[in-house]
Amino acid sequence: MRILSEVDQRIRKLNEMDARTDGEYVLYWMRWNRRATGNHALAFASDLANRLELPLLVFENLDCEDRYANDRRHTFILDGVAETASAIRKLGAGYQFHLAHRKGEEPRDWRHVLAGAAAVVTDDFPESVDGKLPKFEVQAFAVDASCVVPMSCIETRCYAAYSIRPKIQKLLAEYLRPAPVVKLRKRFAGAAEKLPDVALVQCEIDHTVPPSTTFHGGRKHAELHLERFLENRLRRYTSDKNNPSAHATSDLSPYLHFGFISALEVALAVGRHAKEHKLMADAFLEELIVRRELAFNFSRYSKKVDSLDELPEWARATLDKHRKDAREHEYTVKQFESAETYDDLWNATQKELLLRGKIHGYYRMYWGKKIIEWSPTPEEALATMIHLHDRYALDGQDPNTYGNILWCFGLHDRPWNERPIFGMVRWMSRGGMDRKTKVGDYLKEIEYLERTGKELIA
DNA sequence: ATCGGCTCGCGCAA
DNA sequence: TGCGCGAAGCCGAT
């Protein structure tokens, strides 16, 4: 009983319909949480299937609709499909995956799959990032399986970490527990459908962005990263997290973004190590939960996440006041994209994005601040950052990423000394990077990665 | 090396 | 109504 009430806050009815009595199964449309374990949406769908005495069918798909759809993201997603399929089928549910090859192509059998559903469950995600969900002609639910503390528990927009932190802390005891494991009572009948043969060349996507040199998709790789973090990195986390060449962070953001692993699963795993590394765990959980969920809160209460409109008033005013300030260096999107600035550290961070598909969190702040400094206007700087993330980052198009990018413009931050271009928005300098991080080691690492396509330290 | 000031406004105590 | 303090810093004074 407890479990159900606990799950309630995660569940949003998408309409007032009843389950269809002639339905053959409950359908879970897996979109943001591509995993078979630790998934509240899957758990709710399973529970619903049991209550209706029906089997469960999981439908996952990948289309070419995103204008930035490319080999990198497609590969990362497809890496995980066989694993997900086998794990879902082991639960006794059906699993279908559809890969669209053309833009505008409706998932094969989608109408047919929908027509057989007594009810539909899908992942809940902030609409400013997710877009509008289709109208379902059948009972439908959206479940928040992304946040540790469900987004709906925080009923106001929060202006900074300090305002969401106590709210989350208070609810953590209730929500920091594993997603329920639900045993399906009815097996999905019928032979397992063959997974699609993957021929990326045939997909109508951008083939000029190659797969990441470093990150492979799927549950197994997510778990390997988590294990490596717990074994080798967590104990150094607070001292080294802002020194990229020390590799003390989890590198889990691509896996969290595609839902191969959940923040809750990571938090619980870190919690089990917390006795030995209490302070480290606290610092990590602050970022994994408080700051990540502050970003979800921002997306949830924003109309647009890719604009400066939602910045605090002081930030918009101060950036506007300095709009016409002279730029000592100014670059075009193309120059940024191909890492052609005068600053070797900045160029290396951009190359990290081009090659690994992800920039270390600390250097990403520097990367963003410099794009503001070297762009003709704040609006163009924002557009450049979003373009580069959309195109190259495996953790792009995520509430967390929009939060990180807009932080560079003052979101969730406070004013500081007024200076050119930035006004009172916090500034970061190359001197600071040289002082606080081992820039030389990082440059070597990226140079090696660029030359060989391999990581210097495996 | 360390420290205070910078500057605004939310959120809570009173 | 007042007050403390804050998403990751910088700079200049000591």
Side-chain angles (χ1 to χ4, degrees), chain A residues 154-170 233 236-251 253 263 279-280 282-299 301-302 305 308 310-322 325 328 343 345-346 349 358-373 385 395 398-439 442:
Chain A
I154 316 282
E155 286 166 342
T156 54
R157 181 171 182 153
C158 295
Y159 289 86
Y162 70 84
S163 65
I164 203 173
R165 190 176 295 119
K167 297 184 174 108
I168 287 181
Q169 292 291 356
K170 219 173 67 190
R233 300 181 171 200
R236 299 182 283 125
Y237 187 73
T238 40
S239 52
D240 290 351
K241 72 186 163 100
N242 284 351
N243 181 17
S245 62
H247 297 280
T249 55
S250 72
D251 286 336
S253 63
L279 287 175
M280 310 289 162
D282 286 350
F284 179 73
L285 294 177
E286 162 75 12
E287 307 218 358
L288 178 76
I289 305 175
V290 174
R291 301 212 190 143
R292 179 170 179 272
E293 295 188 9
L294 177 61
F296 273 79
N297 173 271
F298 170 74
S299 292
Y301 291 102
S302 295
V305 280
L308 301 176
E310 309 271 357
L311 290 180
E313 186 52 38
W314 68 265
R316 282 194 293 134
T318 198
L319 286 168
D320 198 50
K321 183 178 165 199
H322 291 268
D325 290 359
E328 196 179 328
D343 176 359
L345 173 58
W346 192 92
T349 63
K358 173 180 176 302
I359 311 180
H360 185 284
Y362 193 63
Y363 278 165
R364 179 162 67 181
M365 296 190 276
Y366 177 71
W367 175 89
K369 293 288 185 184
K370 291 299 150 188
I371 292 179
I372 297 176
E373 192 173 333
M385 289 187 217
D395 56 7
D398 191 274
N400 210 19
T401 312
Y402 292 112
N404 287 175
I405 289 175
L406 286 167
W407 176 83
C408 296
F409 295 82
L411 178 71
H412 299 152
D413 204 5
R414 59 167 156 153
W416 300 88
N417 258 350
E418 192 160 6
R419 59 175 298 122
I421 302 171
F422 288 85
M424 290 179 294
V425 171
R426 187 196 302 255
W427 185 64
M428 289 176 83
S429 71
R430 171 62 193 262
M433 298 301 106
D434 287 327
R435 203 166 54 247
K436 290 186 268 192
T437 73
K438 293 192 171 167
V439 170
Y442 179 77

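These figures come from a predicted structure and were not determined experimentally. Every chain is numbered from 1, with letters handed out A, B, ... down the list of sequences.
As a whole-Å value, the separation of A:His360 NE2 from C:dA7 P is 20 Å. We find that CE of A:Met365 is positioned 8 Å from P of C:dA8, with the value rounded to whole Å. Put simply, OH on A:Tyr362 is 8 Å from C1' on C:dG9, counting in whole angstrom units. To the nearest angstrom, C1' of B:dC8 lies 12 Å from CD of A:Glu418. What separates CG of A:Asn417 from C1' of B:dG4 is a distance of 11 Å, to the nearest Å. The CZ atom of A:Arg414 sits 11 Å away from the C1' atom of C:dG4 (whole-angstrom rounding). One interatomic measurement links the two molecules: NZ of A:Lys241 to C1' of C:dA8, which rounds to 6 Å at whole-angstrom precision. Here the C1' atom of nucleotide C:dA8 and the NZ atom of A:Lys369 are 10 Å apart, to the nearest Å.
Using atom P as the reference point in both C:dG4 and B:dG4, the two lie 16 Å apart (nearest Å). Taking atom P on both B:dC12 and C:dA7, the two are 14 Å apart, rounded to the nearest angstrom. Nucleotides B:dA14 and C:dC5 have their P atoms positioned 14 Å apart, rounded to a whole Å.
A:Met428 comes within contact range of the sugar-phosphate backbone alone, with a heavy-atom separation under 4.0 Å but no base atom that close. Residue contacts for A:Arg430: at a heavy-atom cut-off of 4.0 Å it reaches no nucleic acid atom on any strand shown. Across all strands, A:Tyr162 comes closer than 4.0 Å to base atoms (heavy-atom distances). Within 4.0 Å (heavy atoms only), A:Trp407 reaches at least one base atom of the nucleic acid.
For A:Ser163 and B:dC10, the shortest distance from a side-chain N or O to OP1 or OP2 is not below 4.0 Å. One finds a side-chain N or O of A:Lys436 lying less than 4.0 angstrom from the OP1 or OP2 phosphate oxygen of C:dG9. Between A:Tyr366 and C:dC10 there is no side-chain N or O to OP1 or OP2 distance below 4.0 Å. Listed pair A:Arg165 / C:dG6 fails the phosphate criterion, with no side-chain N or O lying under 4.0 Å from OP1 or OP2.
Comparing atom distances between the A:Arg419 side chain and each of C:dA7, C:dG9, C:dC10 picks out C:dC10 as nearest. Checking C:dA8, C:dG6, C:dC10 against every side-chain atom of A:Asp413, the shortest atom distance belongs to C:dA8. Listed candidates were B:dT7, C:dA7, C:dG9. Nearest to the side chain of A:Pro415 is B:dT7.
Here the side chain of A:Thr437 pairs a donor or acceptor atom with the backbone of A:Met433 at under 3.5 angstrom. In terms of modelled atom types and a separation under 3.5 Å, the side chain of A:Asn297 and the main chain of A:Thr156 share a donor-acceptor contact. A donor-acceptor pair under 3.5 Å is absent between the side-chain atoms of A:Asp413 and the main chain of A:Val425, judged by distance alone.
Counting heavy-atom neighbours within 6.0 Å of A:Lys438 NZ, excluding the residue itself, gives a total of 12 or less.
For the atom pair A:Tyr362 OH and A:Thr249 OG1, the distance stands at 14.0 Å (nearest 0.5 Å).
The pairing partner recorded for C:dA8 is none, the criterion being a Watson-Crick or G-U wobble arrangement whose two distances lie under 3.5 angstrom. Of all nucleotides present, only C:dT1 satisfies the Watson-Crick or G-U wobble test against B:dA13, with each distance under 3.5 Å.
Inspection of the A:Tyr402 and A:Ser302 side chains reveals no N or O donor paired with an N or O acceptor under 3.5 Å.
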